[in-house]
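Since the structure comes first, as structure tokens, the remarks are kept for the end.
So that the names make sense, note that chain A is the first sequence line, chain B the second, and so on, each numbered from 1.
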Amino acid sequence: MQEEAVIVFDFETTGSSPKMGDRPIEVGAVRIENRMIVDTFQSLMNPGFTITSFIESITGIGNDMLLNAPPCEEVMEQFAAFIGTTPLVAHNASFDRQFLDSELEQLNLYPENAMACSMLISRRIFPNAPNHKLRTLIEYCGLANNDVFHRALEDAEKTGHLWITMCDTIYETYGLEKIPFPLMQQLEKMKKVKVEAFFERKVVEQKNSMLHLWN
DNA sequence: TGCCAGGCCCTCTTTAGGGCCTT
């Protein structure tokens, strides 16, 4: 089973593109070690301009809540310290990664953390799910669900439990004992039809590796 | 002036288009 630490994180933002001037308004993250959440990070942040009613309606975060929140720069500096060089996970990671990189670049920080996407991996592990939205996957996997979505820490926690469940499913389905982070990254880029053969090969590799240690 | 995301996957693909997913 996976043993190395990962940090699952999520941003709520003013829109969909930092290149169009959008910024985060909340970050939430959970640190997972040995299949358990051992630490969390959460903060609202003031983007420096008012957010639209559309974003308010999605997130439940209002301009009044952001008025006295610390600025993005302050929060992101703390968040950079929280993640360090730990491998990162997010649901639809390309979305959150662009905001992470954009904000940290403004602080002259250039994170090189490895990153994996729980959405792309879930398409491989749960090909029969109705779709691969976070809410659907939480329901599909029968995970604890308080029906609160689109808040950063809530979504990070749920994605964290989804990540653990995907590791468990790989173990239970294919018998793969160790699930290193690079293996998950390989999986998200794998063609759907090749997943089964991929795991069969990995199991054989691990068994051979164990035999090599014993001999 | 008018428009405005973007990265990835899938397939009836690759000389491309449509859909998914995030806010």
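- By the side-chain hydrogen bond (donor to acceptor under 3.5 Å, both in side chains) test, S118(A) is found to be paired with H91(A), residues two or more places apart in sequence or in another chain being considered.
- Taking the side chain to side chain contact (heavy atoms under 4.5 Å, CB included) definition, one finds that P130(A) meets it with T136(A), Y140(A), sequence neighbours left out.
- Phosphate proximity of dC21(B) to H91(A): absent, as no side-chain N or O sits under 4.0 Å from OP1 or OP2.
- Distance noted for atom C1' between dT23(B) and dG7(B): 15 Å (whole Å).
- As rounded to whole Å, 11 Å separates atom P of dT22(B) from atom CG of L162(A).
- Here D10(A) lies in heavy-atom contact (under 4.0 Å) with sugar-phosphate atoms only.
- Between D22(A) and T14(A), the side chains place a donor N or O and an acceptor N or O closer than 3.5 Å (distance only, hydrogens not considered).
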Polar atoms only, N or O, under 3.5 Å: list the protein pairs with nucleotides 11-13 of chain B and their distances.
none

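- Just one residue in the list V195(A), I179(A), L120(A) forms a side chain to side chain contact (heavy atoms under 4.5 Å, CB included) with L187(A), and that residue is V195(A).
- Taking atom P on both dC21(B) and dG2(B), the two are 35 Å apart, rounded to the nearest angstrom.
- Summarising the geometry, the separation between CD on Q185(A) and P on dC8(B) is reported as 13 Å, rounded to the nearest angstrom.
- Rounded to the nearest Å, the gap between the C1' atom of dT14(B) and that of dC9(B) is 14 Å.
- Looking only at side-chain heavy atoms (C-beta outward), Q186(A) and F198(A) come within less than 4.5 Å of each other.
- When rounded to the nearest whole Å, the span between CD of E154(A) and P of dT23(B) equals 13 Å.
- Using atom P as the reference point in both dC12(B) and dG19(B), the two lie 15 Å apart (nearest Å).
- For the pair M190(A) CE and dC10(B) P, the computed distance is 11 Å after rounding to whole Å.
- Checked against side chain to side chain contact (heavy atoms under 4.5 Å, CB included), N146(A) has the following partners two or more places apart in sequence or in another chain: V148(A), E154(A), K158(A).
- Chaining together hydrophobic side chains whose heavy atoms lie under 4.5 Å apart places L66(A) alongside I25(A), L44(A), I51(A), F54(A), I55(A), I58(A), I61(A), M65(A).
- F11(A) comes within contact range of the sugar-phosphate backbone alone, with a heavy-atom separation under 4.0 Å but no base atom that close.
- Across all their heavy atoms, P47(A) and P24(A) have their closest contact at CB-O, 4.1 Å.
- Residue-level contact check: R124(A) touches the backbone only, with heavy atoms under 4.0 Å from sugar-phosphate atoms and none from bases.
- Scored by the side chain to side chain contact (heavy atoms under 4.5 Å, CB included) test, T50(A) finds N63(A) as partners (sequence neighbours excluded).
- Salt bridge status for E12(A) with R151(A): absent, with no side-chain N to carboxylate O gap under 4.0 Å.
- Residue Q42(A) places its CD atom among more than 12 non-hydrogen atoms of other residues, nucleotides or ligands, all under 6.0 Å distant.
- As rounded to the nearest Å, dT13(B) and dC8(B) have C1' atoms that lie 15 Å from one another.
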Look for any protein N or O under 3.5 Å of an N or O in nucleotides 2-7 of chain B and output each such pair with its distance, or none.
| from | atom 1 | to | atom 2 | distance (Å) |
| --- | --- | --- | --- | --- |
| dA5(B) | O3' | S17(A) | OG | 3.4 |

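- Only T59(A), listed by number, bring a heavy atom of residues 58-73 of chain A to less than 4.0 angstrom from any atom of DNA chain B.
- Grouped with I7(A) in one hydrophobic cluster are F9(A), F11(A), V27(A), F41(A), M45(A), V75(A), M76(A), F79(A), F82(A), I83(A), L88(A), F95(A), F99(A), L100(A), L104(A), L107(A), L109(A), M115(A), the linkage being side-chain heavy-atom contacts under 4.5 Å among Ile, Leu, Val, Met, Phe, Trp and Tyr residues.
- Using a 4.5 Å cut-off on side-chain heavy atoms (C-beta onward), L183(A) and L176(A) make contact.
- A straight line from CG of D155(A) to C1' of dT22(B) spans 10 Å, rounded to a whole angstrom.
- Without hydrogens or angle criteria, N113(A) side chain to G84(A) main chain gives a donor-acceptor distance under 3.5 Å.
- Within residues 127-135 of chain A, the residues having any heavy atom closer than 4.0 Å to DNA chain B are, in order of number, N131(A), H132(A), K133(A), L134(A).
- Applying the salt bridge (charged side-chain N to carboxylate O under 4.0 Å, His left out) rule to pairs touching residues 132-149 of chain A yields R135(A)-D147(A), sequence neighbours excluded.
- Within a 6.0 Å radius of CD in E73(A), more than 12 heavy atoms belonging to other residues, nucleotides or ligands are found.
- Heavy-atom distances under 4.0 Å link DNA chain B to no residue of residues 102-114 of chain A.
- Residue L137(A) contributes atom CG, which lies 8 Å from atom P of dC21(B) at whole-angstrom precision.
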Intermediate values then yes/no, side chain to side chain contact (heavy atoms under 4.5 Å, CB included), K202(A) and Y174(A): CA-CA 9 Å; K202(A) 289 293 171 189; Y174(A) 301 101; over 6 Å; no

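- Using P as the reference atom, dG18(B) and dC4(B) are 16 Å apart when rounded to the nearest Å.
- Of the candidates dT22(B), dC8(B), dT23(B), the closest approach to any side-chain atom of L120(A) belongs to dC8(B).
- Although no hydrogens or angles enter the test, the distance criterion places no donor-acceptor pair under 3.5 Å between the side chain of D96(A) and the main chain of D10(A).
- If E188(A) and T13(A) are placed on DNA chain B by their nearest nucleotide, the residue sitting closer to the 5' end is E188(A).
- Between the P atom of dT23(B) and the CZ atom of R97(A) lies a distance of 18 Å, rounded to the nearest Å.
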